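Structure first, commentary second.
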Amino acid sequence: MARLGIGIYGARSTAIWLAATLVVITIAICAPWLAPCDPYEAHLERALLGPSREHWFGTDEYGRDVFSRIVHGARISLRAGFVSVSTSCGIGTVLGGLAGYFGGKTDGFIMRLMDGIMAIPSLVLAAAVLAVLGTGLENGITAVSLVLIPDYARTIRARVTAIRNAQYIEAARSLGNSELRIVGRHILPNTAPLIITRAAAGMSTAIVDTAALGFLGLGATAPTAEWGAMLAGARTYAFLSPHLLLFPGLAITVTGLSFNLLGDALSKALIPPQNLS
């Protein structure tokens, strides 16, 4: 009965937060049609207008429509999150799989490398990477990808360590399958539910980190319609035009929360209850 309750809860919450993330994704895809104005077209005579029927989220210091910039910013943030998570999840899964399956020196080397990366605060490490590569959105995505790798590697390594001596693995080994073939065809596919849930939650982290770099002037910079960069430009007008801070902040919060809770809901729906502890 308890398992049934968890299953129902997981299915319902997954549907709710999947719908929320799909709304965000749809907004990003349809941005050119949803935005009423060019997000980069300035009209100084309309600068710093509050929300109205003509400009739902008001205008910024250059008279640009904030709603249009928020909508187009969704495309930038989601692309940054998807690229970062795809890269870090792919590399982290391979490293974690190798470490968990082979153990010994391979495990020690890979995990000490991951520990070294995790020992440095994520934004500090990202800033250090950007100091080498140079600032900008694309380099910011690369920096965020590097920062997220250890999280996936450690998660997958723990799962692979738990299943590497299972009976079906021993059977595959007894049939003469190579070690790499066993990892690729038997172990990694069995970590798929865990990878999916971690990737969904990782989208939240990637989007927030990308926005943080933009806010600090290390990632996307003006006039790019990126939420973090928009927040950075709005600091000067925080008291005069608080809507410039409110709407980009809400966009980051709602999007990050949706992906984070989707990941939590997927973990309840896809991962058996006995493996959640």
Side-chain angles (χ1 to χ4, degrees), residues 19-84 123 126-127 130 133-144 203-260:
T21 54
L22 287 177
V23 168
V24 175
I25 293 171
T26 301
I27 290 173
I29 293 174
C30 300
W33 299 278
L34 293 176
C37 306
D38 185 331
Y40 299 104
E41 185 176 354
H43 298 278
L44 294 179
E45 70 279 4
R46 304 178 186 174
L48 300 178
L49 296 178
S52 63
R53 288 185 178 181
E54 185 179 0
H55 301 286
W56 294 353
F57 291 177
T59 61
D60 65 8
E61 67 272 26
Y62 297 104
R64 298 172 298 199
D65 184 68
V66 175
F67 177 76
S68 299
R69 290 177 64 77
I70 292 290
V71 169
H72 279 270
R75 309 189 89 184
I76 296 174
S77 293
L78 289 185
R79 183 179 73 85
F82 180 77
V83 173
S84 298
L123 284 180
L130 290 173
L133 300 179
T135 59
L137 177 61
E138 300 304 324
N139 289 339
I141 294 174
T142 301
V144 172
M203 280 289 293
S204 173
T205 303
I207 289 171
V208 172
D209 285 353
T210 301
L213 292 176
F215 180 78
L216 295 174
L218 300 175
T221 55
T224 305
E226 191 273 327
W227 296 335
M230 291 174 66
L231 284 175
R235 287 177 296 179
T236 306
Y237 309 96
F239 296 102
L240 179 63
S241 301
H243 66 274
L244 296 181
L245 288 172
L246 174 63
F247 293 114
L250 281 176
I252 296 170
T253 301
V254 171
T255 303
L257 186 63
S258 296
F259 278 105
N260 192 41

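In what follows, residues are counted from 1 in the order of the sequence shown. Since this is a predicted model, take the numbers as computed values, not measurements.
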**OP:** Could you tell me the separation between the CG atom of Leu245 and the CZ atom of Arg235, rounded to the nearest 0.5 Å?
**Re:** 9.5 Å
**OP:** With rounding to the nearest 0.5 Å, note down the distance linking CZ in Phe259 to CD1 in Ile207.
**Re:** 5.0 Å
Original post:
Atom CG of Leu246 and atom CG of Leu231: how far apart are they, to the nearest 0.5 Å?
Top reply: 10.0 Å
Original post:
Shortest non-hydrogen contact from Pro248 to Met230?
Top reply: CG-CE, 4.0 Å
Subject >> Over all atoms of both residues, closest heavy-atom pair of Leu123 and Ala212 >> reply: CD2-CB, 4.0 Å
Original post:
Quick one: CZ on Arg69 to CZ on Arg64, what's the gap to the nearest 0.5 Å?
Top reply: 4.0 Å
Original post:
Applying side chain to side chain donor-acceptor pair (under 3.5 Å), which residue pairs with at least one partner in residues 204-228 are found, sequence neighbours left out?
Top reply: none
Original post:
Is there a donor-acceptor pair under 3.5 Å between the side chain of Arg75 and the backbone N or O of Ala28?
Top reply: yes
Original post:
For the residue pair Ala20 and Ser258, what are the closest heavy atoms and their distance?
Top reply: CB-OG, 3.8 Å
Original post:
Pairs in or reaching into residues 34-45: which pass salt bridge (charged side-chain N to carboxylate O under 4.0 Å, His left out), with residues at least two apart or in two chains?
Top reply: none
**OP:** Using atom types as modelled and distance alone, determine if a side-chain donor or acceptor of Asp65 lies under 3.5 Å from a backbone N or O of Cys37.
**Re:** no
Original post:
Closest heavy-atom contact between Val144 and Ala206?
Top reply: CG1-CA, 4.0 Å
**OP:** Work out which heavy atom in Ala232 is nearest to a heavy atom in Gly214; give both atom names and the distance.
**Re:** CB-O, 4.1 Å
Original post:
Which pair of non-hydrogen atoms, one from Val83 and one from Ile141, has the smallest distance, and what is that distance?
Top reply: CG1-CG2, 3.7 Å
Original post:
Do side-chain atoms of Thr59 reach the backbone of Leu49 as a donor and acceptor pair under 3.5 angstrom?
Top reply: yes
Subject >> Spacing of CE belonging to Met203 relative to CD1 belonging to Ile25, to within rounding of 0.5 Å >> reply: 7.0 Å
Original post:
Which is it for Asn139 and Leu218 under the side-chain contact (heavy atoms from CB on, under 4.5 Å) test, yes or no, and what are the steps along the way?
Top reply: CA-CA 9 Å; Asn139 289 339; Leu218 300 175; over 6 Å; no
Original post:
So how far is it from Leu78 CG to Ile27 CD1, rounded to the nearest 0.5 Å?
Top reply: 9.5 Å
Subject >> Residue pairs, two or more places apart or on separate chains, that pass ring-ring contact (aromatic ring centres under 6.0 Å, His included) and touch residues 23-61 >> reply: Trp56-Phe67, Phe57-Phe67, Phe57-Phe247
